[in-house]
J.: 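Below are the structure tokens for one structure; questions will follow.
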Amino acid sequence: MNIFDIYSEKIKTLVKNLNKQNLIEIPDSLNGINVDLPPEKFDCDISTNVAMVLSKSNKKPPIDLAKQLSELIKKNDKDISSIDVAKPGFINIKFNKSFWNNFLKEIIINQKEFGVNKKQKKKTYLVEFVSANPTGPLHVGHCRGAVIGDVISNILIFNQNKVIKEYYVNDYGNQIINFTKSVYFRIREILNNEKFPSDNPDLYPGDYLIDIAKNIISQNKKIKFDNFKNISNELTKLSIEQSLKMIKLNLKILGINHDNFASETDIVNNNEVQSVIDQLEKDKFVYKGKINAPEGEDKTDWIEREQLLFRSTDFGDDKDRALQKSDKSWTYFASDVAYHNNKLKRKFDILINILGADHAGYIKRITSAVEALSGEKNKLICKVSQLVKLIKDGKPFKMSKRKGDYITVHDLVNEVGKDATRFIMLNRSGDAELDFDFTKVKEKSRDNPLYYVQYCYARISSVFRNINKKINEEIKIKNYDFSYSNDEIKIIKKISQWPKCIELSSSKLEPHRVTVYLYELASDFHSYWNLGKDNEDKRFIDKDNKVSDNKIVLLKSVSNVIKSGMDIIGVDAPEKM
RNA sequence: GCGCUUGUAGCUCAAUUGGAUAGAGCGCCUGACUUCGGAUCAGGAGGUUGAGGGUUCAAGUCCUUCCGGGCGCACCA
């Protein structure tokens, strides 16, 4: 039940009818007409800008139109207790108390549906996120995109869409060869006491490779590790297997489960790259040519080459992009185009990629490729998660691959906990950089907004515990003829905004809105709770140690929304803390 | 040099897809613990939304020109 939508429809219908009767003029589109939440200082529940939108086409001052329209809106609507017009031309509507009773009744009866956006047509989505190279454990930098991708998926699932969470494994190319070599040297180090060539910049120096090497040795007693060439294929497979095992463990402790792991090697081996390039060639999106060196950069080591190029400039990219290397092997981009073609063949309505900020420059070419292949614009939506700026002991902390200078997901979750990690990663819009003060979060974890929201849920639980009930038990209420105070209605109004929060989070793919909302709801609840100190009427538990029905309904509505929200962001809502 | 992105209170961030007098937390100042769980609450101070111009009934939000951060810019993936 979204009261904003209900009134938006009512008002648009009214306006259309007036237009049919030639009483007013309307513009081509009524999309500009909104029903919104007014600022708190106004004593009303919802407001609409309809008069301002219609003012121009009717050549009338918005205030006059507003007066005229407000009377018509109020007429025949028994839910409205008062309606008035404010300065530029807003129409402010206040509901009577029975409206809020009915609202609560409805959301308690349909608690699982509350917040679900039903006007949107259900779609199938593929959300690709994390997709970190399988050459090492996940570090803090991967963490944000991981959580954002997971929660975006959860929001879409909450809205009853079908979602596949996918991880693309880049198990092909030079990095993997170097990675395998590194494992090989670690194995030699363990078995033959040969020193690891740590001065070779192509190799991966991290300690985790020692564990990988040990595991491979103990699990593959038959293999002889004395000639790299002979075993490189097998060792590559084993190394990636180990590495993925580690990554999956990292994801698991973050509370993330992908539905599918797609392999780049599979895409290449199945000849999907060649076939997608044939398809693009047929449609004249591919040609042989040269790319210009970027302006303003040192061009001395620039080698002009004729290469197979994709016409991404047709779709607004600044240059065409190489598909084939000079040794005729495919570029990363080429296999990624094939991978996206593979996604397209699986017939999803919408593809979503969550990328790190360092890959933002890649978006144009890959969306271009998807557009070329599918003929649809915005079939692929890329969402960037900006960098996490790590701060340790008050100073910016640069991670390097040098031993020790590395904070993994595992370290982070061990120190801070899964829930706090997720909450903090979501607490700011993904478009902006996030300061993550490692020391501060560790020391002062109680200042974390997570606990503020959880505490709200725990308090509600404690009330139920006091009357020997469980917070998630179903409640039976005979009638909903209550009279809530203004303090209580403040909370109810916040609850009524939950569907709107979900709608925005989902349409803009902005999961931070959920944490922000939960914080606000918790805040309203805590305020109300503290009123009970001075005024016993405002306490949930009365003198006879009972909780009245109206209070139970209110508590239940708040806890339901908090639980829903916490489930979406993948954070626990404990009954005791 | 080009592209993307960002600039809001001392600090960290919100701002309902263009709405009304821009809101929270931290920090600072004042107050509420024989508590329905103080991991909480009430109040105060703190702003030319980086700067200028434009569009609009209405701009933190859109366009434009500057200024300052961040990221990226041939066969690395």
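Only heavy atoms go into these numbers, but all of them, side chains included; no hydrogens, no water, no symmetry mates. In what follows, every chain begins at residue 1, and chains take the letters A, B, ... in the order their sequences are listed.
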J.: Is Asp336(A) touching bases, backbone alone, or none of the nucleic acid, heavy atoms closer than 4.0 Å?
T.: nothing
J.: Can you tell me the pairing partner of G7(B) across any strand shown, Watson-Crick or G-U wobble, with both distances under 3.5 angstrom?
T.: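 Base-paired to C67(B).
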J.: Could you give the distance from CG (Asp419(A)) to CD1 (Ile424(A)), rounded to the nearest 0.5 Å?
T.: 11.0 Å
J.: For Glu264(A), answer base if it contacts any base atom (sugar-phosphate contacts may also be present), sugar-phosphate if it contacts only those atoms, and nothing otherwise; contact means non-hydrogen atoms under 4.0 Å.
T.: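 Sugar-phosphate, backbone atoms only, no base.
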J.: Look at all strands and tell whether Tyr452(A) reaches a base, only sugar-phosphate, or nothing, counting heavy atoms closer than 4.0 Å.
T.: sugar-phosphate
J.: Starting at CD1 of Ile3(A) and ending at C1' of U16(B), how long is that distance when rounded to a whole Å?
T.: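 One finds 13 Å between C1' of U16(B) and CD1 of Ile3(A), rounded.
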J.: Which part of the nucleic acid, if any, lies within contact of Ser507(A), taking any heavy atom under 4.0 Å across all strands shown: a base, the sugar-phosphate backbone alone, or nothing?
T.: nothing
J.: Can you check the Asn92(A) CG to A20(B) P distance for me, whole Å?
T.: 12 Å
J.: Using a cut-off of less than 4.0 Å, is there contact between a side-chain N or O of Lys325(A) and OP1 or OP2 of A74(B)?
T.: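 Indeed not, no polar side-chain atom of Lys325(A) lies that close.
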J.: Tell which nucleotide pairs with G37(B), taking only Watson-Crick or G-U wobble pairs whose two distances are both under 3.5 angstrom.
T.: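 Per the H-bond distance test, none.
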J.: Reckon Ala357(A) touches a base, only the sugar-phosphate, or nothing at all at heavy-atom distances under 4.0 Å?
T.: sugar-phosphate
J.: Which nucleotide sits closest to the side chain of Pro294(A): U40(B), A42(B), C73(B)?
T.: C73(B)
J.: Let's test this: given Watson-Crick or G-U wobble pairing with both distances under 3.5 Å, identify the partner of A42(B).
T.: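 U30(B) - that is the nucleotide pairing with A42(B), both distances being under 3.5 Å.
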J.: Nearest of C36(B), U17(B), A20(B) to any side-chain atom of Pro38(A)?
T.: A20(B)
J.: Rounded to the Å, how far apart are Glu40(A) CD and A24(B) C1'?
T.: 11 Å
J.: Compare side-chain N and O positions of Arg513(A) against OP1 and OP2 of A15(B) and report whether any pair is under 4.0 Å apart.
T.: yes
J.: If we require ring centres under 5.5 Å and near-parallel planes under 30°, does Phe90(A) stack on A20(B)?
T.: yes
J.: Just N and O in the side chain of Asn174(A): are any of them under 4.0 Å from OP1 or OP2 of A77(B)?
T.: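 True: Asn174(A) side-chain N/O within range (under 4.0 Å) of A77(B) OP1/OP2.
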J.: Counting only N and O atoms by type, is there a donor-acceptor contact under 3.5 Å from the side chain of Tyr484(A) to the main-chain atoms of Asn550(A)?
T.: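 A pair under 3.5 Å: yes.
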J.: So which nucleotide from G37(B), A74(B), U40(B) ends up closest to the side chain of Lys576(A)?
T.: G37(B)
J.: Could you tell me if Lys500(A) sits above the aromatic ring of Phe4(A), with its cationic atom closer than 6.0 Å to the ring centre and no more than 45 degrees from the axis?
T.: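 Ring-cation test returns yes.
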J.: Verify the distance criterion only: is there a donor paired with an acceptor across the side chains of Glu272(A) and Asn342(A) at less than 3.5 Å?
T.: yes
J.: Please tell me if His512(A) has a side-chain N or O lying less than 4.0 Å from either OP1 or OP2 of A15(B).
T.: yes
J.: Taking only N and O in the side chain of Asn448(A), is any of them less than 4.0 Å away from OP1 or OP2 of G25(B)?
T.: no
J.: For Leu426(A) and C13(B), what is the distance between atoms CG and P respectively, to the nearest whole Å?
T.: 15 Å
J.: Measure from the side chain of Gln175(A), starting at C-beta and using heavy atoms only, and say which of A77(B), A74(B), U16(B) lies closest.
T.: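 Selected nucleotide: A77(B).
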J.: Look at all strands and tell whether Lys508(A) reaches a base, only sugar-phosphate, or nothing, counting heavy atoms closer than 4.0 Å.
T.: base
J.: By centroid distance (under 5.5 Å) and plane angle (under 30°), are Tyr362(A) and G72(B) in a stacked arrangement?
T.: no
J.: Determine: side-chain N/O of Tyr528(A) to OP1/OP2 of C36(B), distance under 4.0 Å, yes or no.
T.: no
J.: Does the plane of the ring in Phe310(A) sit parallel, tilted or perpendicular to the ring in Phe333(A)? Use 30° and 60° as the thresholds.
T.: tilted
J.: Does the side-chain ring of Trp529(A) lie flat on the base of C36(B), meaning centres under 5.5 Å and planes less than 30 degrees apart?
T.: yes
J.: Could you tell me how far apart Tyr519(A) (OH) and A39(B) (C1') are, to the nearest whole angstrom?
T.: 11 Å
J.: For the side chain of Lys56(A), starting at C-beta, report the closest nucleotide among A39(B), G37(B), U56(B).
T.: U56(B)
J.: Quick one: label Ala458(A) by what it contacts on the DNA or RNA (base, sugar-phosphate, nothing), any heavy atom closer than 4.0 Å.
T.: base
J.: Treating His142(A) as the side-chain partner and His139(A) as the backbone partner, does any N or O pair qualify as donor plus acceptor under 3.5 Å?
T.: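 Yes: the side chain of His142(A) pairs with the backbone of His139(A).
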J.: Test ring pair (Phe, Tyr, Trp, His ring centres under 6.0 Å) on Phe129(A) and Tyr167(A) and set out the steps.
T.: CA-CA 6 Å; Phe129(A) 62 107; Tyr167(A) 187 121; 8.3 Å; no
J.: Within the 4.5 Å heavy-atom criterion, are Asp336(A) and His340(A) side-chain neighbours or not?
T.: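 Yes, close enough: below the 4.5 Å cut-off.
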J.: Ignoring backbone atoms, establish whether Lys538(A) has a side-chain N or O less than 4.0 Å from OP1 or OP2 of C41(B).
T.: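 For C41(B), neither OP1 nor OP2 has a side-chain N or O of Lys538(A) closer than 4.0 Å.
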J.: So what does Gln386(A) hit on the nucleic acid, given a heavy-atom distance under 4.0 Å: a base, only sugar-phosphate, or nothing?
T.: sugar-phosphate
J.: Give the ring-plane orientation class for Phe540(A) versus Phe525(A), where under 30° counts as parallel, over 60° as perpendicular and anything between as tilted.
T.: parallel
J.: How many Å lie between NE2 on His526(A) and P on U40(B), as a whole number?
T.: 7 Å
J.: Regarding Glu575(A), tell me which of base, sugar-phosphate or nothing describes its non-hydrogen contacts under 4.0 Å with the strands shown.
T.: base
J.: Any strand counts, and the cut-off is 3.5 Å on both contacts for Watson-Crick or G-U wobble. Which nucleotide pairs with C2(B)?
T.: G72(B)
J.: Does OP1 or OP2 of A77(B) have a side-chain N or O of Thr331(A) closer than 4.0 Å?
T.: no
J.: Would you indicate which nucleotide in U40(B), G19(B), A77(B) comes nearest to any side-chain atom of Val53(A)?
T.: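 The answer is G19(B).
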J.: Hey, does Leu387(A) reach any base, or is it just sugar-phosphate, or nothing, if we go heavy atoms under 4.0 Å?
T.: sugar-phosphate
J.: From the set A77(B), A20(B), U17(B), return the single nucleotide nearest to any side-chain atom of Pro39(A).
T.: A20(B)
J.: Report the nucleotide, chosen from C4(B), A77(B), U40(B), that has the shortest atom-to-atom distance to any side-chain atom of Tyr455(A).
T.: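 Of the candidates, U40(B) comes closest.
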J.: Just name whichever nucleotide pairs with A58(B), Watson-Crick or G-U, keeping both distances under 3.5 Å, else none.
T.: none
J.: Counting the atoms with a prime plus P, OP1 and OP2 as sugar-phosphate, which does Phe42(A) contact under 4.0 Å by heavy atoms, base, sugar-phosphate, or nothing?
T.: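 Result for Phe42(A) = base.
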J.: What is the nucleic acid contact for Gly532(A), judged by heavy atoms within less than 4.0 Å: base, sugar-phosphate only, or nothing?
T.: base
J.: For A14(B), does either OP1 or OP2 sit under 4.0 Å from a side-chain N or O belonging to Arg428(A)?
T.: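 Yes, such a contact exists.
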J.: Output the single nucleotide from C76(B), C71(B), G37(B) whose closest atom is nearest the side chain of Met577(A).
T.: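 Among the listed nucleotides, the one closest to the side chain of Met577(A) is G37(B).
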J.: Quick one: which of A77(B), G37(B), U17(B) gets closest to the side chain of Ser462(A)?
T.: G37(B)
J.: Rounded to whole Å, please give me the gap between CE in Met52(A) and P in G18(B).
T.: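 Rounding to the nearest Å, CE of Met52(A) and P of G18(B) are 14 Å apart.
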J.: Scan Lys319(A) against the nucleic acid and name what it touches under 4.0 Å (heavy atoms): base, sugar-phosphate only, or nothing.
T.: sugar-phosphate
J.: With a 3.5 Å cut-off and no angle check, do the side chains of Tyr517(A) and Gln497(A) form a donor-acceptor pair?
T.: no
J.: Taking only N and O in the side chain of Lys41(A), is any of them less than 4.0 Å away from OP1 or OP2 of U21(B)?
T.: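 Checking U21(B) against Lys41(A), no side-chain N or O comes under 4.0 Å of OP1 or OP2.
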J.: Expressed as a whole number of angstroms, how long is the span from Trp330(A):CH2 to C76(B):P?
T.: 15 Å
J.: Find the partner of A14(B): check Watson-Crick (N1-N3 plus N6-O4 or O6-N4) and G-U wobble (N1-O2, O6-N3) distances, both under 3.5 Å, and reply none if neither fits.
T.: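 Answer to the pairing question: none, since A14(B) forms no Watson-Crick or G-U pair.
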J.: Under 4.0 Å between any heavy atoms, over every strand shown, what does Val463(A) touch: base, sugar-phosphate, or nothing? Just pick one.
T.: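 Base, at least one base atom sits under 4.0 Å.
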